[in-house]
Each structure stands twice: as C-alpha cells, then as structure tokens.
Amino acid sequence: MTNETIPPHFELHTNDFENDFIWGVSTAAYQIEGGHTIHDKGESIWDRFVSQKGSIFREQHGEIACDFYHRYESDIELMKAMNIPNFRFSLSWSRLMPQGDGASSQAGIDFYNRVIDYCLKCGITPWITIYHWDLPQNLEDKGGWTNRDIIGWFEGYVRLCARHFGDRVKHWMVLNEPMVFTGAGHFLGVHAPGRKGLKNFLPAVHHAALCQSAGGRILRVEVTDAIIGTTFSCSQITPRTKTKKDIHAARKADALLNRLFIEPSLGLGYPKDIKILQRIEKFQRPEDAKDLVFDFDFIGIQNYTREVVRHSYTTPYLRAKIVKATNRNVQTTLMDWEVYPPSIYAMIAKFNTYKNVKKIIITENGSAFQDSIVEGKVHDPQRLAYLQHYLKEVHRAKNEGFKISGYFAWTFTDNFEWAEGYRPRFGLVYVDFKNQKRIVKSSGKWYSEFLRPLFDQASNEKKEKTDVSTGFD
Ligand code: IFM
C-alpha cells in the first residue's frame, strides 16, 4: 500500500474513534453465494425473479455470483489480510429450510457452520442478518409477505438460525431494509417477487414490521447473550424549494423512506403524515400495537445518498416525487445516486433523536463507480474519496456525541446488484466474473491500511497467531 491514493488533507485514523468502535464489511447471501441449487437448497423469490425476462439488466442472475459458496475460505482469508475485524453476511432462508417452513437442510446448516467457524478461526467476528430479501418461493406461492402466516414461518426460521448458530454468533440483525423489499418488491414490482400496488405493499409492510419485532424476541430468548439489531435504509430528504408544497412533499417522503419501520418498533406507531398508511389499520389486530415493539440493542442504518423531493400532482397517493440526481447537475455514482456525504451525518443525527435508540451502527455505506483493470491493478479514486468523505461525516457525528458506534462498508467484493445485475460494482475488492479472480482496489487497500492499527492492537493483545495468512500487494 502506498500513500499515493490518500489525499494529503485526509487525517482520520481509527484512534480518532473510540476503541470499541466497530469496523467491518457487509454482504448478502443472494448477492455473493451462488450455489443456487446445490444440495437440497430450495428456490427463492430471487431465483424465480431473475428468470423472468426483462426483470434484470441483461438477464443476469445470482446462480454463481461471487461463488462465495465455494470460495468462502479464500474470501475470509482475504478479509483477514485486509485487517477487517467484522463480517456482516446474511443467511439464505431457502438454503436452510428449502420450503421455508418444515424440514431444515443439513447441508445448508453445515455450510453456514463452516463460514462461521472459519471467520472465528481467522479472528473475524461474524454478524448475521437473518433476512436479506430472498424469501423461499414456496412461501411466496402462499402469499409471502402479504400473508399474515409469514409471522409464524419467520419465527420458525429465526428459531432455527438461533439454535444452530447462536452458540458462536452473538451479533444479529433481523431484517435488511424492509422499506426496500416492501417498496421495490411489493409496490413498484422492480424487485422480487415483482408484486405491485397498495394491496400488496400495505400488508407486506405490516407483516414485515411484525416480523422485525417477533424475530428480535425469539433471538432474545434463544441466544441470551445476543446483541440484537435490525437495519433500515435511509436518506436525507431535501425539499426542492422552500415552498410549502415542496416542504410538505419532503415530509411525506421522509415518513415513507426513513420513519416507516423504526417508529412502530419504538412504540410510536406508523407515521401519520401519509394518509394512505392509515389503511394499514385494515391489517392490524388489537394485539399488534404492542407486538410491533422491540427493544433493539442497536439500530443499523444504511445510507448512500440524499433525495431531493418536490410536490407532484401526478404521483399517485404520495403527491411527492424524487428529483433525479442526474437532472440536478451533481456528482453521481453508477446508480445515479448523488454523492452527498453530509447525508450520513444527517441520518445519524436523525436516528439519534429517538430516545429509545440505544446505539446506531452504519451497517452499509458505499458506492458504485466504473472500474477497470490497468496492469493488474484497479485504481478507484472516486470510491476512495467517497469512503473517506463519508467517514469524515461519521466522525463528525461521533465527535458531537451521537450514539454512533460502528461502520460497515458496502461491500467486500463486487457482487450481484439486484435488478441492476453486475454492472454497478460496489466492492472494495474487484471480481473478474469470468474467472472469479479477486483484485483489491485502491479503496480496499486504503481501508485495510486505515484498519491496520486495530489489527496490530488485537494481535498484541492476543499474542496469538492463526495459521492463515494471505498477502496482497
Ligand atoms: O446492494 C444493496 C444491498 O443489498 C442493500 N442495500 C443497498 C445496497 C446497494 O444498492
């Protein structure tokens, strides 16, 4: 690692954060594992969705993805070589329970046992997300998230995960970004399972919110020393103008994008700012108000950008519309998301205001830019600058005394970016999908150097060596 990639003005070090600040990388099962039909794995909604023509960029799919199923050892070794102390990954429900309920798969359980054990062998702490969007297709066929029975199915799945892995895994997250899998998957139809409209969205929201807390309660009972969180997507919302109409539109977008799932879990109910949300009442039972609540040990927030919002007569239900970043003459990533570092600070500040949020962890943050291999190396100055500038904002929040206690970069290796396929590369490590070769990008090298003091400190403390080592230049 040379200093060439670090701007001279960048003076942040891990010791500027508290000693117990958590650093890591995040991934998700469908995006990296591949092995989609191996052993007795069942079909998931993403396995099905990618096979529907026109759903995914160039008809790409996650059948092989990063082949993490077979390459987990070398990937975890690389993580270790990059001084990354915490690895957040999700479990595939249909790998563990092929039909979603009923019988479990021993091959699936064995796979995650191997991953967990290898992390621990390498001195890396595993952080598990129970559900990152890949519902078993068999459950979808019965209505999936729109069917209230999902609560029972989900509880069975959480119990299985906790009982098999809870002896070694102490850090758990129940759901990944429920707003995205309900919004994109059940309202817009652009993600699996491709359902559309309020009739799907509202019950999916309510059942996901109930599963969020139910999952937390099961983990609390099954893994008594677990640290339990859940994760939310969030973006700073800026009204396009100072007119009343735009400000009102921005408030509604904020309620939908940032508050919809956190507030019921804190006992505040669903945000009242959006009339149509009141229709959730139709799916509510008297006991739900208290069942929606769970005392999470931490809240994971996932921030990438901000949204500028304007009033719009033509947008059904919401009357609010996002002004595309590409129409605003700002720097954007390959996702057409604005690069706007103060957004992460604003989101930490926002979640910090909830009295009952005990700790906040950034469980995802990252960027997709065009990468190319030049003389065997991937130099990615834009991703590096993004990472550094966002980290500065996290540090600002920390300095101001907010309850922020960790940061996970999205993501370790380039992977399958859902409907966008493999085009947007978010990884700190480049993957050549033709031969599965990994190349640590400049941003990954920088993150690794940034984290090195933690690694040195940990090795000094432990005075113990594992037999695993992988070099990268
Ligand atoms: O790739 C996704 C991830 O699965 C969930 N959060 C946002 C990431 C980037 O779009």
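In what follows, every heavy atom counts, from backbone to side chain, and hydrogens, waters and symmetry copies are set aside. Atoms within each ligand, like the ligands themselves, are counted from 1 in listed order.
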If you measure from the Lys or Arg side-chain nitrogens to the Asp or Glu carboxylate oxygens, is any gap between D380 and R425 under 4.0 Å? no

Using a strict 4.0 Å threshold on nitrogen-to-oxygen distance, state whether R396 and E393 make a salt bridge. yes

Using only heavy-atom distances, determine whether the side chains of E364 and Q302 contain a donor-acceptor pair under 3.5 Å. yes

Salt bridge (charged side-chain N to carboxylate O under 4.0 Å, His left out) against R220, all qualifying residues, sequence neighbours excluded: D297

Show every donor-acceptor pair shorter than 3.5 Å between a side-chain atom in residues 201-219 and any protein atom, with sequence neighbours excluded, or say none if there are none.
from : atom 1 : to   : atom 2 : distance (Å)
H206 : ND1    : Y270 : OH     : 2.7
H206 : NE2    : D288 : OD2    : 2.8
H207 : ND1    : W145 : O      : 2.8
H207 : ND1    : P203 : O      : 3.0
Q212 : NE2    : F261 : O      : 3.1
S213 : OG     : A209 : O      : 3.4
S213 : OG     : L210 : O      : 3.1
S213 : OG     : D291 : O      : 2.6
R217 : NH1    : D291 : O      : 3.2
R217 : NH1    : V293 : O      : 3.1
R217 : NH2    : D291 : O      : 3.0

At a 4.0 angstrom heavy-atom cut-off, ligand 1 is contacted by Q31, H132, W133, N176, E177, Y304, W337, E364, W410, E417, W418, F426

Please enumerate all residues that pass side-chain hydrogen bond (donor to acceptor under 3.5 Å, both in side chains) together with R159, with sequence neighbours excluded. none

